[in-house]
Amino acid sequence: MEDNKLLSKSFLWMCIGLLVTFVTGFGVSMNERMLENIFAGGSFWILIVLELILVIVLSARVMKMSPTAAKICFILYAFVSGLTFSSIFVVYELTSVMMVFLVSAVIFGVMAYIGYKTNVDLSKVGFYLLMALIGVIVVSVINIFLGNGMLEIILCIICLLLFLGITAYDVQKIKALESAGLPEDNLAIYGALELYLDFINIFLQILELFAKNKD
C-alpha cells in the first residue's frame, strides 16, 4: 500500500486510534475507583451516548473540520471508546483478549489486502453488505428480549462475515478517494474512522465467540 499515500495515512491513524482505545481500556481496568465511577452509576450510558454523538459528528462533518479538529475529534472518540472497553479487560482473561486481538489483526489485514488488490468493483457488494448488517442489528435488538443463545451465536457469526466483507469494501473505497482532490488529512481521518470501526467490530465478534471469561 506504499503507493497510496491516503491509504497509508488512514491505516496509521487507525492504529493510533486502536492504541488509544486499548491502552485506555486496560489502564482503566486496573483502577477500581475509575471502574466504579464508570459502571456503578449512569456514567456508562452517558459515555455510550457520547460515543454515538462523536462518531456521528465525525462521520458527517469530518470534511468540513480543520485537519487539527478532525484529528482531535477522532482521538477523543477513541479515548471515550477505551473507557467503555475497560469492561472487556474485566470480564475476559488478558491472554485471551490479546490472542483475539492478534487473530483479528491477521484477518483484518487479509481482507484489507484483498480490498486493495482486487479489480472487482465492490461498491454494489458494499451496499448489500450494509443492508444485511442493518438487518442483523434489528434481529439482534429483538433477540435481546427473546434471549435465544443459539440465535445470538448465529448472528455473531453473520456479523463477523459481514464486517470482513465491509473491510475489503472500505479499503477499496479509501483507495479510490486518493484521486478525489479533497483535503488529504481530512480524508485520512475519514478513512481511519471507517477502518477503526471495521476492526473493532471484527474484534468484538471474535471475542464473543472464542474469548475465555475470567473465573
Side-chain angles (χ1 to χ4, degrees), residues 1-27 47-48 50-85 88 100-118 122-123 126-127 129-130 133 159-160 162-207:
M1 300 181 187
E2 64 279 355
D3 57 339
N4 192 295
K5 191 176 179 182
L6 174 60
L7 201 53
S8 297
K9 279 190 173 183
S10 295
F11 272 100
L12 174 61
W13 277 103
M14 179 204 74
C15 291
I16 292 172
L18 290 174
L19 181 64
V20 170
T21 295
F22 282 89
V23 169
T24 301
F26 179 72
L47 290 173
I48 292 294
L50 181 57
E51 269 189 276
L52 290 173
I53 292 173
L54 284 171
V55 76
I56 291 171
V57 170
L58 190 55
S59 298
R61 304 287 300 177
V62 63
M63 297 310 300
K64 297 180 181 179
M65 295 178 177
S66 69
T68 300
K71 292 171 184 176
I72 291 174
C73 191
F74 176 68
I75 294 300
L76 180 60
Y77 172 71
F79 172 75
V80 175
S81 296
L83 295 178
T84 59
F85 256 56
I88 289 174
V100 169
F101 183 90
L102 290 175
V103 171
S104 301
V106 171
I107 295 175
F108 176 86
V110 170
M111 297 310 300
Y113 183 79
I114 291 173
Y116 179 74
K117 285 294 186 179
T118 185
L122 299 177
S123 57
F127 173 79
L129 288 173
L130 291 172
L133 181 61
C159 196
L160 173 60
L162 288 175
F163 271 106
L164 292 179
I166 291 171
T167 296
Y169 162 71
D170 282 338
V171 168
Q172 187 179 79
K173 179 175 65 176
I174 296 167
K175 177 184 175 182
L177 288 173
E178 173 82 17
S179 58
L182 297 170
E184 187 176 88
D185 285 345
N186 295 67
L187 281 175
I189 296 300
Y190 167 79
L193 179 63
E194 296 287 303
L195 297 172
Y196 173 95
L197 292 173
D198 293 340
F199 183 93
I200 288 295
N201 280 285
I202 289 171
F203 170 81
L204 289 176
Q205 305 313 316
I206 297 177
L207 188 76

Which side-chain N or O atoms in residues 58-66 pair as donor and acceptor under 3.5 Å with protein atoms at least two apart or in another chain?
from	atom 1	to	atom 2	distance (Å)
Ser59	OG	Val55	O	2.7
Ser66	OG	Ala69	N	3.1

Query - Chi angles and distances behind the side chain to side chain contact (heavy atoms under 4.5 Å, CB included) call for Ile200, Ser81 - result: CA-CA 10 Å; Ile200 288 295; Ser81 296; over 6 Å; no
Query raised in the report: For Phe85 and Thr24, what are the C-alpha separation, side-chain angles and deciding distance, and is it a side chain to side chain contact (heavy atoms under 4.5 Å, CB included)?
Result: CA-CA 8 Å; Phe85 256 56; Thr24 301; over 6 Å; no
Requested in this report: Could you give me the CA-CA distance, side-chain angles and deciding distance for Tyr190 and Trp13, then say whether side chain to side chain contact (heavy atoms under 4.5 Å, CB included) is met?
Outcome: CA-CA 10 Å; Tyr190 167 79; Trp13 277 103; over 6 Å; no
Report task. Show your reasoning for whether side chain to side chain contact (heavy atoms under 4.5 Å, CB included) applies to Asp198 and Val171. Result -> CA-CA 10 Å; Asp198 293 340; Val171 168; over 6 Å; no
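Two residues are said to be in side-chain contact when any heavy atoms from C-beta on lie closer than 4.5 Å; Ile72 and Thr68 meet this criterion. Contact annotation: the side chain of Ile107 never approaches that of Thr167 to less than 4.5 Å [non-hydrogen atoms, C-beta and beyond]. Counting heavy atoms from C-beta outward, Val57 and Tyr77 have side chains that stay 4.5 Å or more apart. Between Leu54 and Leu50 there is a side-chain heavy-atom pair separated by less than 4.5 Å. A heavy-atom distance below 4.5 Å is not found between the side chains of Glu184 and Leu187.
The two residues Gly165 and Leu129 make their nearest non-hydrogen contact at C-CD1, 3.4 Å. Listed here is the closest heavy atom pair of Val100 and Leu207: CG1-N, 3.7 Å. Nearest heavy atom pair, residue Ile16 against residue Ile75, reads CG2-CD1, 3.6 Å. Summarising the geometry of Ala70 relative to Asn186, their closest heavy-atom pair is CB-ND2, 4.5 Å, with the distance given to 0.1 Å. When every heavy atom of Asp185 is checked against every heavy atom of Pro67, the shortest pair comes out as CB-CB, 3.8 Å. Residue Ala112 comes nearest to Phe11 through the heavy atom pair CB-CZ, 3.8 Å, listed as atom of the first residue, atom of the second, then distance.
For Lys173, the salt bridge (Lys or Arg N to Asp or Glu O under 4.0 Å) test picks out Asp170, Glu194, with sequence neighbours left out.
Rounding to the nearest 0.5 Å places NZ of Lys9 at 12.5 Å from CG of Leu7. For the atom pair CG of Leu162 and CD1 of Ile202, the computed distance is 11.0 Å after rounding to the nearest 0.5 Å. Remark: Leu204 CG to Ser104 OG distance equals 8.5 Å, nearest 0.5 Å. Between the CG atom in Leu76 and the NZ atom in Lys71 there is a gap of 16.0 Å [rounded to 0.5 Å]. The structure places CG of Leu133 at 5.0 Å from CD1 of Ile166, a figure rounded to the nearest 0.5 Å. Thr21 contributes atom OG1, which lies 10.5 Å from atom CZ of Phe199 (distance to the nearest 0.5 angstrom).
Within a 6.0 Å radius of CZ in Phe79, no more than 12 heavy atoms belonging to other residues, nucleotides or ligands are found.
Remark: the backbone N or O of Ile114 is not paired with any side-chain donor or acceptor of Thr118 at under 3.5 angstrom.
For an aromatic pair to be called close, the ring centres must be under 6.0 Å apart, and Phe163 with Phe203 fails this.
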